Chemist: 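I'd like to ask you about the structure that follows.
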There are 2 protein chains.
Amino acid sequence: MTDSMTFRSDCPVASALDLVGDRWTLVIVRDMIFGAATFGDFARGAERIPRNILANRLRRMTVAGLVRQEKYQARPDRFRYLLTAKGADLLPVVQALSLWSAAHLGHVYPPPDALLQAQPADLMPGKPDA
Amino acid sequence: MTDSMTFRSDCPVASALDLVGDRWTLVIVRDMIFGAATFGDFARGAERIPRNILANRLRRMTVAGLVRQEKYQARPDRFRYLLTAKGADLLPVVQALSLWSAAHLGHVYPPPDALLQAQPADLMPGKPDA
DNA sequence: TCCACTCGGTTGCAAAATGAAACTGACGGG
DNA sequence: CCCGTCAGTTTCATTTTGCAACCGAGTGGA
């Protein structure tokens, strides 16, 4: 703690949005849910997130404790970005968003079963697939 | 129809974020869930949303079909902003965000029961309080 | 009539965030 | 040596944010 993070209020809704209320953060979480982990994985996503924004978001998410870095190579240091429990628990938010889109936005493809049936615990490393 | 709205991709997650992926839109939805309806109601909310941003968001939400205007006075025309079915269906998203905050952010107050037990249908006008 | 006040915005402006694109540094392969 | 990959960083123009002041149409006294 002593995050230095400031929240607009003590409201749980507003506070959550202070952390994930932007157009990219949950897109990165979505990619992680589907197995993306490296900088390049995210940069290659369908929405073409700008690389500077991506670097910035990964930094904020790490500071916020949504994500942790795991070094997979040294010289130069390279990291895999993995969801923490805090980050994995955003799964219901992502699921709710995708169900809403499926119900109300005509142009989207249906949320994959892998997304709808996932559970936060599935998203954390240490437990490979069953 | 012919929304002029452009989405980054056909992904349901990214598309939902194209509409509600900012720090204010879902705060306004939250206030509506608790009965706020007029411009002044929203402006007086705890987070002190700037009035120009508020006007802009209410316009976008109206265009996006999340909200509709109901005139409650003429000369000068004044409107109540009410959730449509599309907007009310964002309730699960708001609920998921508040549960996440309750679980992971120490400083927030607990989500009110009124929020957690609400259902989208409760939020639509025509049904005054029981 | 004059003054104060409310409500629902709009406007101006500075600061911050975004995004496109080029650049960097440390490798690895041939 | 040259090319390519990976993971960022830098530069810079464009947008978006947010503060604060202003405005028009009315209402309520005194």
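We name chains A, B, ... by the order of the sequence lines, and we start the count at 1 in each one. Nothing here was measured: the structure is a model prediction, and the numbers come from that model.
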Chemist: Please tell me which of A:Asn56 and B:Gly40 maps to the more 5' nucleotide of DNA chain C, matching each residue to the nucleotide holding its nearest heavy atom.
Modeler: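 The answer here is B:Gly40.
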Chemist: In whole angstrom, give the distance that lies between atom CG of B:Asp41 and atom P of C:dG9.
Modeler: 12 Å
Chemist: Assess whether one donor atom and one acceptor atom, taken from the side chain of A:Arg51 and the base of C:dA21, lie less than 3.5 Å apart.
Modeler: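 No, the side chain and the base share no sub-3.5 Å donor-acceptor pair.
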Chemist: Using only atom types and a distance under 3.5 Å, with no angle test, would you say the side chain of B:Arg68 pairs donor to acceptor with the backbone of B:Leu83?
Modeler: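 No, because the side chain of B:Arg68 does not come within donor-acceptor range (under 3.5 Å) of the backbone of B:Leu83.
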Chemist: What N/O pairs connect the protein and nucleotides 24-26 of chain D at under 3.5 Å? Give each pair on its own line.
Modeler:
{"from": "D:dG26", "atom 1": "OP1", "to": "B:Arg75", "atom 2": "O", "distance (Å)": "3.1"}

Chemist: Just compare D:dT9, D:dG8, C:dG8 and give me whichever is closest to any side-chain atom of A:Phe79.
Modeler: D:dG8
Chemist: Keeping B:Gln95 on the side-chain end and B:Ala118 on the backbone end, is there a donor-acceptor pair under 3.5 Å?
Modeler: yes
Chemist: For B:Asn52 and D:dC19, what is the distance between atoms CG and P respectively, to the nearest whole Å?
Modeler: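 About 9 Å, once rounded to whole Å.
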Chemist: Any residue in residues 8-19 of chain B with a heavy atom nearer than 4.0 angstrom to DNA chain C? Just list them by number, or reply none.
Modeler: none
Chemist: Can you tell me if A:Arg48 touches the phosphate of C:dT18, counting only side-chain N or O atoms and a distance under 4.0 Å to OP1 or OP2?
Modeler: no
Chemist: Give the rounded distance in Å between these two atoms: CG of A:Leu54 and C1' of C:dG19.
Modeler: 13 Å
Chemist: Please give, in whole Å, the distance from D:dC6 C1' to A:Tyr81 OH?
Modeler: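 Distance, rounded to whole Å: 12 Å.
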Chemist: For the side chain of B:Lys86 and the backbone of B:Ala64, is there at least one donor-acceptor N/O pair under 3.5 Å apart?
Modeler: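 Pair found, side chain donor or acceptor close to backbone of B:Ala64.
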Chemist: Evaluate B:Leu90 against B:Val20 for side chain to side chain contact (heavy atoms under 4.5 Å, CB included), listing each step before the verdict.
Modeler: CA-CA 9 Å; B:Leu90 287 167; B:Val20 303; 3.9 Å; yes
Chemist: Can you check the A:Phe39 CZ to C:dA26 C1' distance for me, whole Å?
Modeler: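 About 16 Å, once rounded to whole Å.
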Chemist: Can a salt bridge be assigned to the pair B:Arg57 and B:Asp22 using a cut-off of 4.0 Å between side-chain N and carboxylate O?
Modeler: yes
Chemist: Would A:Phe42 and A:Arg44 count as a side chain to side chain contact (heavy atoms under 4.5 Å, CB included) here? Give the steps.
Modeler: CA-CA 5 Å; A:Phe42 303 119; A:Arg44 262 177 265 110; over 6 Å; no
Chemist: Does the side chain of B:Arg59 get closer than 4.0 angstrom to OP1 or OP2 of C:dT10 through an N or O atom?
Modeler: yes
Chemist: How long is the line joining CD of A:Gln69 and P of D:dA7, in whole Å?
Modeler: 12 Å
Chemist: Are any of the side-chain nitrogens in A:Glu47 or A:Arg30 under 4.0 Å away from the carboxylate oxygens of its partner?
Modeler: yes
Chemist: Assess whether side chain to side chain contact (heavy atoms under 4.5 Å, CB included) is satisfied between A:Val27 and B:Leu17, documenting all intermediate values.
Modeler: CA-CA 8 Å; A:Val27 167; B:Leu17 292 171; 3.8 Å; yes
Chemist: To the nearest Å, how far apart are A:Arg44 CZ and D:dT5 P?
Modeler: 10 Å
Chemist: Starting the side chain at C-beta, find the nucleotide from D:dT17, C:dG8, C:dA20 nearest to A:Pro50.
Modeler: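 Per side-chain heavy atoms of A:Pro50, the pick is C:dA20.
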Chemist: Apply side chain to side chain contact (heavy atoms under 4.5 Å, CB included) to the pair A:Val67 and A:Met32, showing each step before the final yes or no.
Modeler: CA-CA 10 Å; A:Val67 150; A:Met32 287 180 164; 3.5 Å; yes
Chemist: Could you work out which one of C:dA20, D:dT17, D:dC19 sits closest to the side chain of B:Ile53?
Modeler: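 Ranking C:dA20, D:dT17, D:dC19 by closest atom to the B:Ile53 side chain puts D:dT17 first.
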Chemist: When all nucleic acid strands are considered with a 4.0 Å heavy-atom cut-off, which category describes B:Arg80: base, sugar-phosphate, or nothing?
Modeler: nothing
Chemist: Does a side-chain N-to-carboxylate-O contact under 4.0 Å join B:Asp18 and A:Arg23?
Modeler: yes
Chemist: Which of these nucleotides, D:dA21, D:dC6, D:dG18, is closest to any side-chain atom of B:Trp24?
Modeler: D:dG18
Chemist: Mind checking B:Phe42 for me? I need base, sugar-phosphate or nothing, with any heavy atom below 4.0 Å counting as a touch.
Modeler: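 B:Phe42: no heavy atom of the nucleic acid under 4.0 Å.
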Chemist: What's the CD1-P distance between A:Ile49 and D:dG8, to the nearest Å?
Modeler: 13 Å
